[in-house]
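Before any comments, here is the structure.
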Amino acid sequence: MNFSEVFKQSNQLCKVSPDGKYLATCVQYRLVVRDFNSLQIAHLYTCLDPVMHMEWSSDSLFILCAMYKRGLVQVWSLEQPDWHCKIDEGSIGLVSSRWSPDGRHVLNTTEFNLRVTVWSLCTKAVSYIKYPKACQKGVDFTADGRYMALAERRECKDYISVFVCDDWHLLRHFESETQDLAGLEWSPNCCVLAVWDNCLEYKLLLYSLDGRLLSSYSAYEWSLGIKSVAWSPSSQFLAVGSYDEKVRILNHITWKKITEFEHPATIINTKAVVFKEVEKRPVVGSEDLSIHQLTVDNSLFSTQSKYEITQLPAQVPVIKPDPDRANPKIGISALAFSADNRFLATKNDNMPQSLWVWDMQRLSLLAVLEQTAPVRCFVWDPRRPRLALCTGNTKVYLWSPAGCVSVNVPVEGSFQVLSLFWHCSGSSLVLLSKEHICLLKYILYNVSLSCHLIGILFRRHAVFL
């Protein structure tokens, strides 16, 4: 594995272009665009205020920078560096900004969700959409970029509007059978729109493109309901995470539950493997010390970690939530399917140090990764069944069906990995700390080899990496 040098960033604003050629980072009011392979600066732009949000257009030709405090959006061109666009929402304010799928329209949501303004970069035309609802996920585009679904709130009722993205005319408008709509999401095949209610009522609704209600699902009543929702890439499964610490899997034919995954405190499933992270600080002799190592190389004193196989039954650390505090840390907060639909990764908030991996072919638990610190972020490789995660320390962790590895980030100073994401090719990982980024590159062969070796040795030996 090769690690790059460290670069600065602010507000976790770091994005790889959709074509994978460039890496854009924001440092306060500066936008830095680097060639992804060489990491040399290709473009440097100066914004009018510190950037709060940054996003690539779908064709990788433009970059949007939003400055919410000033109600401004600036758009920069990679093909024509001298060209730029400034959108000023004025006194009405700005709370969010995003690209349309065609990469030629900017959608701005004003303060208090008064309206959504659609700005055209080509014709300079402006369109207004009224009554957008302020919710967890109130806007979503189909994967082919043809349609947009928008949650609306009118006269104390929830509505959904479907717009055609070519000219932004209204295709369908219908009332949603929800008490307080919390989010909506299109299926990857663009045929079904999933809509779910707020946490006070367990209700999941499935609509067709023309607004017909295909099915409604509710697992229970009179308790906290849905916390997270995720489609499988094939659209065959819809995973619903709930506050009762269970994941329910619905099928795409009848929209009925085919199974549910529980997250017990004691794991007794003999087909599951429990990987437990164990830390060990290396012993350093006086002859190993030098001025250079003490001042520059922190790897000498870094804590090494390894995964050990825990004998079953295994106990999973559980944190009891405080009932007197709002937003209790309980329930399934994160769901993610692998790119090939074979696996599902889940995180239960009152078991923050554990990550669960489920086999979607056998519909059973496959592995549990028990970390020494709470899991902060986990993402699947976009090309292969490989999972990367971080816990806010100086390590990055990788899981595949062959096994697990723990890798220390060998950079100067303390680089605590707070979040990470894959390059679209699956050949690199971008690691983010509070104020810096680091690239882990050329990991395809090495990780596959390491996981293969660990798959052979983990039953008898403890391997430090």
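Residues take their numbers from the sequence shown, with the count starting at 1.
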- Query: Are Ser161 and Glu152 close enough, and set up right, to give a side chain to side chain donor-acceptor pair (under 3.5 Å), and what steps lead you there?
  - Reply: CA-CA 7 Å; Ser161 291; Glu152 300 179 356; 2.8 Å; yes
- Take Asp340 and Arg384 through the salt bridge (charged side-chain N to carboxylate O under 4.0 Å, His left out) test and state the conclusion after the steps. CA-CA 7 Å; Asp340 60 359; Arg384 304 166 189 84; over 6 Å; no
- Are Ile63 and Val75 close enough, and set up right, to give a side chain to side chain contact (heavy atoms under 4.5 Å, CB included), and what steps lead you there? CA-CA 6 Å; Ile63 304 178; Val75 181; over 6 Å; no
- Task: Show the numbers, then the answer: is there a salt bridge (charged side-chain N to carboxylate O under 4.0 Å, His left out) between Arg98 and Glu55?
- Result: CA-CA 7 Å; Arg98 63 183 299 173; Glu55 186 177 336; 5.3 Å; no
- Check against side chain to side chain donor-acceptor pair (under 3.5 Å), Glu277 and Ser406: CA-CA 8 Å; Glu277 182 189 8; Ser406 169; 4.6 Å; no
- Please report the C-alpha distance between Ile249 and Phe261 in whole Å, then the side-chain angles of each, then the deciding distance to 0.1 Å, and finally whether the side chain to side chain contact (heavy atoms under 4.5 Å, CB included) criterion is met. CA-CA 8 Å; Ile249 306 297; Phe261 297 146; 3.9 Å; yes
- For the pair Thr110 and Asn113, evaluate side chain to side chain donor-acceptor pair (under 3.5 Å) and give the outcome as yes or no after the intermediate values. CA-CA 5 Å; Thr110 61; Asn113 281 71; over 6 Å; no
- Message: Show, in sequence, the C-alpha distance, side-chain angles and deciding distance for Thr346 and Trp358, and conclude whether the side chain to side chain donor-acceptor pair (under 3.5 Å) test is met.
- Response: CA-CA 8 Å; Thr346 63; Trp358 308 84; 3.0 Å; yes
- Query: Can you list the steps and then say if Leu193 with Val195 is a side chain to side chain contact (heavy atoms under 4.5 Å, CB included)?
  - Reply: CA-CA 6 Å; Leu193 180 67; Val195 179; 4.1 Å; yes
- Message: Please evaluate residues Tyr243 and Tyr202 with respect to the criterion side chain to side chain contact (heavy atoms under 4.5 Å, CB included), reporting the C-alpha separation (whole Å), side-chain torsions for both, the decisive distance (0.1 Å), and the verdict.
- Response: CA-CA 10 Å; Tyr243 281 89; Tyr202 199 117; over 6 Å; no
- Yes or no on salt bridge (charged side-chain N to carboxylate O under 4.0 Å, His left out) for Asp210 and Arg212, after CA distance, side-chain angles and deciding distance? CA-CA 6 Å; Asp210 58 4; Arg212 291 180 295 111; 3.1 Å; yes
- Task: Before giving the answer on salt bridge (charged side-chain N to carboxylate O under 4.0 Å, His left out), spell out for Asp158 and Arg153 the whole-Å C-alpha distance, their side-chain angles and the decisive distance to 0.1 Å.
- Result: CA-CA 5 Å; Asp158 290 329; Arg153 188 73 173 178; 2.7 Å; yes
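Note: Tyr207 and Trp186 fail the aromatic proximity criterion, with ring centroids not under 6.0 Å apart. Centroid-to-centroid, the aromatic rings of Trp76 and Tyr45 come within less than 6.0 Å. You'll find the ring centres of Tyr159 and His173 inside the 6.0 Å limit. Aromatic ring centres of His423 and Phe36 lie closer together than 6.0 Å.
Here the side chain of Asn189 pairs a donor or acceptor atom with the backbone of Cys191 at under 3.5 angstrom. For Asn11 (side chain) and Met52 (main-chain N/O), no donor-acceptor pair under 3.5 Å exists by modelled atom type. The closest donor-acceptor contact from the side chain of Asn251 to the backbone of Lys256 lies under 3.5 Å. Of the possible donor and acceptor atoms, none in the side chain of Gln371 sits under 3.5 Å from a partner among the backbone N and O of Tyr397. Within the 3.5 Å criterion, the main-chain N or O of Trp83 finds no donor-acceptor partner in the side chain of Ser77. With hydrogens and angles disregarded, no donor-acceptor distance shorter than 3.5 Å links the side chain of Ser57 to the backbone of Gly103. Listed for the Lys133 side chain is a donor-acceptor partner under 3.5 Å among the backbone atoms of Leu181. When atom types are taken as modelled, the side chain of Ser120 and the backbone of His105 share no donor-acceptor pair closer than 3.5 angstrom. Remark: side-chain polar atoms of Thr391 are not paired, donor with acceptor, to backbone N or O of Pro374 under 3.5 angstrom. At least one donor-acceptor pair under 3.5 Å links the side chain of Gln74 to the backbone N or O of Leu48.
We find that Asp88 and Arg70 are not joined by a salt bridge, their nearest charged nitrogen and carboxylate oxygen being 4.0 Å or further apart. Asp381 and Arg386 are joined by a salt bridge, as a carboxylate oxygen and a charged side-chain nitrogen come within less than 4.0 angstrom of each other. Using a 4.0 Å cut-off between a side-chain N of Lys or Arg and a carboxylate O of Asp or Glu, Lys157 and Glu155 do not qualify as a salt bridge. In summary, Lys227 and Asp349 engage in a salt bridge, as defined by a charged side-chain N under 4.0 Å from a carboxylate O. In this structure, Lys203 does not pair ionically with Asp180, as no charged nitrogen and carboxylate oxygen lie closer than 4.0 Å. A salt bridge links Glu185 with Lys137; the closest basic N to acidic carboxylate O contact falls under 4.0 Å.
When all heavy atoms of Ser97 and Tyr68 are compared, the pair lying nearest together is N-OH, 3.4 Å. Taking each heavy atom of Ala230 and Phe337 in turn, the nearest pair found is O-CE1, 3.6 Å. Pairing each heavy atom of Leu418 with each of Ser433, the nearest pair is CD1-C, 4.0 Å. Annotation for Pro382 and Ala339: closest pair O-CB, 3.4 Å, computed over non-hydrogen atoms. Between Cys135 and Ala182, the shortest heavy-atom distance links the atoms CB-O, 3.6 Å. Looking at every heavy atom in both residues, Met67 comes nearest to Pro50 through CG-O, 3.5 Å.
Counting heavy-atom neighbours within 6.0 Å of Arg146 CZ, excluding the residue itself, gives a total of 12 or less. Heavy-atom neighbours of Tyr29 OH from other residues, nucleotides or ligands within 6.0 Å: at or below the threshold of 12. Dense packing is recorded around NZ of Lys15, with more than 12 heavy atoms of other residues, nucleotides or ligands lying under 6.0 Å away.
Using a 30° and 60° split on the angle between ring planes, Phe343 and Trp399 fall in the perpendicular class, above 60°. Ring-plane geometry between Trp168 and Phe141 is classed as perpendicular, the angle between the planes exceeding 60 degrees on a 0 to 90 degree scale with a lower cut at 30. Aromatic ring pairs are classed by plane angle as parallel below 30°, tilted from 30° to 60° and perpendicular above 60°; the pair His263 and Trp356 is perpendicular.
Residues Leu107 and Met148 have side chains in contact (heavy-atom distance under 4.5 Å, counting atoms from C-beta outward). Under the 4.5 Å side-chain criterion, counting only non-hydrogen atoms from C-beta, Leu355 is not in contact with Val368. Contact annotation: the side chain of Leu387 never approaches that of Val379 to less than 4.5 Å [non-hydrogen atoms, C-beta and beyond]. In this structure, Leu238 and Val229 have side chains that are in contact, with non-hydrogen atoms separated by less than 4.5 Å. A heavy-atom distance below 4.5 Å is not found between the side chains of Ser333 and Ser228.
For the pairing with Thr178, the side chain to side chain contact (heavy atoms under 4.5 Å, CB included) check across Asn198, Leu205, Leu184 returns one residue only, Leu205.
Side-chain contact annotation: Glu89 with Trp119, donor-acceptor N/O pair under 3.5 Å present.
For Arg376, the salt bridge (Lys or Arg N to Asp or Glu O under 4.0 Å) criterion is met by no residue, not counting sequence neighbours.
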